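Have a look at the structure below before the remarks.
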2 protein chains.
Amino acid sequence: MSERLRATYWLETGDDPARAADVIAGEQSSGTFVALPSETPELKARSGARVERLEILDTAPTPSLPTPRQAKVFTRCLLELSWPIENLGACLPTLMATVAGNLFELRCVTGLRLMDLQLPPSFTAAYPGPAFGIDGTRKLAGVHEGPLIGTIIKPSVGLSPEETADQARLVIDGGIDFVKDDELQADGPHCPFDERARAVMRVVNEAAERTGKKAMVAFNLTGDLDKMRRRHDLVLALGGTCVMVCLNSVGIVGLLELRRHSQLPIHAHRAGWGYLTRSPALGWDYAPWQKIWRLTGADHLHVNGLGNKFSESDESVIAAARAVLAPVAESAPMTAMPVFSSGQTGLQAHDTYQALGRADLIHTAGGGIFGHPNGVPAGVEALRESWKAAMQGIPLAAHAAGVPSLASALEFWR
Amino acid sequence: MSERLRATYWLETGDDPARAADVIAGEQSSGTFVALPSETPELKARSGARVERLEILDTAPTPSLPTPRQAKVFTRCLLELSWPIENLGACLPTLMATVAGNLFELRCVTGLRLMDLQLPPSFTAAYPGPAFGIDGTRKLAGVHEGPLIGTIIKPSVGLSPEETADQARLVIDGGIDFVKDDELQADGPHCPFDERARAVMRVVNEAAERTGKKAMVAFNLTGDLDKMRRRHDLVLALGGTCVMVCLNSVGIVGLLELRRHSQLPIHAHRAGWGYLTRSPALGWDYAPWQKIWRLTGADHLHVNGLGNKFSESDESVIAAARAVLAPVAESAPMTAMPVFSSGQTGLQAHDTYQALGRADLIHTAGGGIFGHPNGVPAGVEALRESWKAAMQGIPLAAHAAGVPSLASALEFWR
């Protein structure tokens, strides 16, 4: 028996679901719109995608997505397909065309969403996965338990390199573990990458010499390949410990080449994720999507945060974080670190910890740190103490009784 | 005045549209969820995105996309934003994070779709654009007027290299201009790229020696970068004249590196386009999307076809083809060739020509050629004759009176 890869979809169709499943399986393997004499039974048995499971969920009177093909009822189901690995080999780009190619626009489809992806050992073995993951990141950041407490430089764009370094100094002097560029800040003429990296690393290195703690700064090197490589080399030469890249901006080949070149953890930003996921009847769930990027080499992956300022539900955020912490496959753990952000404070620590059962994550807060009445160091401490309380199972208010920075934080976080 | 780039969106919001527009502009430039003292008026004036136009279109009682923020009415509008080029420089990957980053998931947004993108001269000048475009493709294919008549090897996957070459021989002996691999067929163990390219190019070269006409074959080299380069070199060495790549599979960095390396036209497949576009309230229109890929280097771009077997309307197909034939910017024509496919026959020639006013395109048919009762050469001739009729303004039936292959085709195309 040959190895097979498997993808699970939420499917809505106005057709007979079994027929729609066959159409999708055919279109994504050896079939096409019409029966061809050259698609022999032997060829189909060898190369065709197979319907492994078709489970009816419910029905709806109207289609989720516009369709030229009307029907009286639209059936929603879970559809699992499998493909023989011989069709494509261990190739992520062709995996994309296979599991997420020309199927979303099929006429029999009024909703299609990729929910899960299972890859055989020969496939996962062909990709490098994250070079640092949780352990490597903890080592470089010098944070051996609890989350990395982090923040983002704001305003996102508009600061000069020196002004950026001034912002970084505030949090680094405050004892922060992790700082990142905004995804909009890469190498614009107003804040060139090289000058920014030099100015910020001067602050990082000075603080490290003074305190023994080197803050991890994720410099956004997103760009053309030669520039990304050159920027990485500069960060490395300056003693930096992390680089950041926007996944939807550079694509699989971009991340894979960066992974091959990089000697630093890759902080992976999901900017644009909304257009892939926000229609519940279309596109991608986070679980299969993040697998592709972890195989390619992402060490840290953004998952939004509980009580975030976007439209994503807490349930979806936790599912995303759990997916990042789960193995890519049994034979390929490739564990990465989830990054929580957006409107975060210590108030989310308990719920986040309870939902995950672990603290192998980066928790970034902006206002939740900068807004502390006693200054940035107190803000960093308050967020860290919230996590200590969460991990020790102590209610936040009780823990705050002995920690003044947390007590003051509780006032303004609410 | 600094140069600015502009993006136009279809926006739906339950908030006051002017406030929603400001939130989007802020989030994608110097603002964030809360007002920051460091976002000074000077900084905002210099680096902020600007609302250039906000035109109310209509309202709806329910939101198009799920939202945690309910409202009595949801307003739809056209929103044009502009950004100073100083924020990002001429960088396509960071353009993606800027115009299509973290904005689709904003709470005030219940629908957001990127409709148009206007880039200043300094931006377009930094990218190569297609190396061959219409003229270069025509020259290599030896087709100086009318469309390139093309087909796709079917079954998509499952044929061995020799079986693929046998299929190719049928159409090449039939006088076809253009042949392409399916997007599912790249370099799987069952049909390795190198063997397939060698077997097919043997057929192409033999026919070219015999007839003086070399069919253009778009070999799907989609994969990791080193493999794409090596496969390109093989196709070139074998005397091939085209390579194909799946855009959503390799990403911007993948295409850009291939463009830098390639000495052949790049046939760009849009597999996966459905998940970016099929929800009318989310994602991408084709016009801005194809601009990004033309800047990066795509010579041929898929646009589906009139009367296609997918869910896309004819109106949308024609809008896409017109976008591909229009200049990327005034200072950067970067014209590429639209590729029509999916259930195509000569019956679509008149309407396609009438809608575009030109025939600088690739028209691929499968069943429309293979199904001809007098064989493949008659099928190729019939499709070509349909275009002659279309371009000369002769009704198809009238032209068929003097062309037996067309007369028979009209029977089975209907």
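Please read all numbers here as calculations on a predicted model, not as lab measurements. To find a chain, count down the sequence lines: A is the first, B the second, and so on, and within it residues start at 1.
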Counting heavy-atom pairs closer than 4.5 Å to chain A, which one of [options] comes out on top?
| options | answer |
| --- | --- |
| B:T40, B:V157, B:I152 | B:V157 |
| B:E163, B:H190, B:Q185 | B:H190 |
| B:S313, B:G274, B:G371, B:P280 | B:G274 |

With a 3.5 Å distance limit and no angle check, can you tell me whether [X] reaches the backbone of [Y] through a side-chain donor-acceptor pair?
| X | Y | value |
| --- | --- | --- |
| A:R107 | B:S311 | no |
| B:R278 | A:L106 | yes |
| B:S30 | A:P155 | no |

Selection from [options] maximising heavy-atom pairs under 4.5 Å formed with chain B:
| options | value |
| --- | --- |
| A:G251, A:G89, A:P189 | A:P189 |
| A:L103, A:N308, A:D224 | A:D224 |
| A:E257, A:K227, A:M96, A:E86 | A:E86 |
| A:G48, A:G254, A:G26 | A:G254 |
| A:G283, A:S156, A:A281, A:G366 | A:S156 |
| A:W273, A:Y127, A:F370 | A:Y127 |

Taking only residues two or more places apart in sequence or in another chain, which ones pass ring-ring contact (aromatic ring centres under 6.0 Å, His included) with A:H269?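 Partners of A:H269 under the ring-ring contact (aromatic ring centres under 6.0 Å, His included) test: A:H302.
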OG1-CG distance between A:T222 and B:L92, expressed to the nearest 0.5 angstrom: 12.5 Å
Is [X] close to chain A through its backbone or its side chain, or both, or neither, when contacts mean heavy atoms under 4.5 Å?
| X | result |
| --- | --- |
| B:L282 | side chain |
| B:L256 | side chain |
| B:N102 | both |

Identify which part of [X] has an atom lying under 4.5 Å from any heavy atom of chain B, answering side chain, backbone, both or neither.
| X | result |
| --- | --- |
| A:V99 | neither |
| A:N87 | both |
| A:I85 | backbone |

Would you please test A:L276 and B:L276 for side-chain contact (heavy atoms from CB on, under 4.5 Å) and show each step? CA-CA 6 Å; A:L276 297 172; B:L276 297 171; 3.8 Å; yes
Residue pair [X] / [Y], side-chain heavy-atom distance below 4.5 Å:
| X | Y | result |
| --- | --- | --- |
| B:R260 | A:D226 | yes |
| B:Q28 | A:L184 | yes |
| B:L65 | A:S279 | yes |
| B:L88 | A:D187 | no |

Result of checking A:Y275, A:W284, A:Y9 against B:Y275 for ring-ring contact (aromatic ring centres under 6.0 Å, His included): A:W284
Set out, in order, the CA-CA distance, both residues' side-chain angles and the distance that settles side-chain contact (heavy atoms from CB on, under 4.5 Å) for A:L43 and B:L159, then state yes or no. CA-CA 8 Å; A:L43 187 147; B:L159 298 175; 3.8 Å; yes
For side-chain contact (heavy atoms from CB on, under 4.5 Å), just list the numbers for A:V253 and B:L258, CA-CA rounded to whole Å, side-chain angles, deciding distance to a tenth of an Å, and then say yes or no. CA-CA 10 Å; A:V253 166; B:L258 178 62; over 6 Å; no
Who passes side-chain contact (heavy atoms from CB on, under 4.5 Å) against B:A97, sequence neighbours left out? A:E183, A:C246, A:S249, A:A271
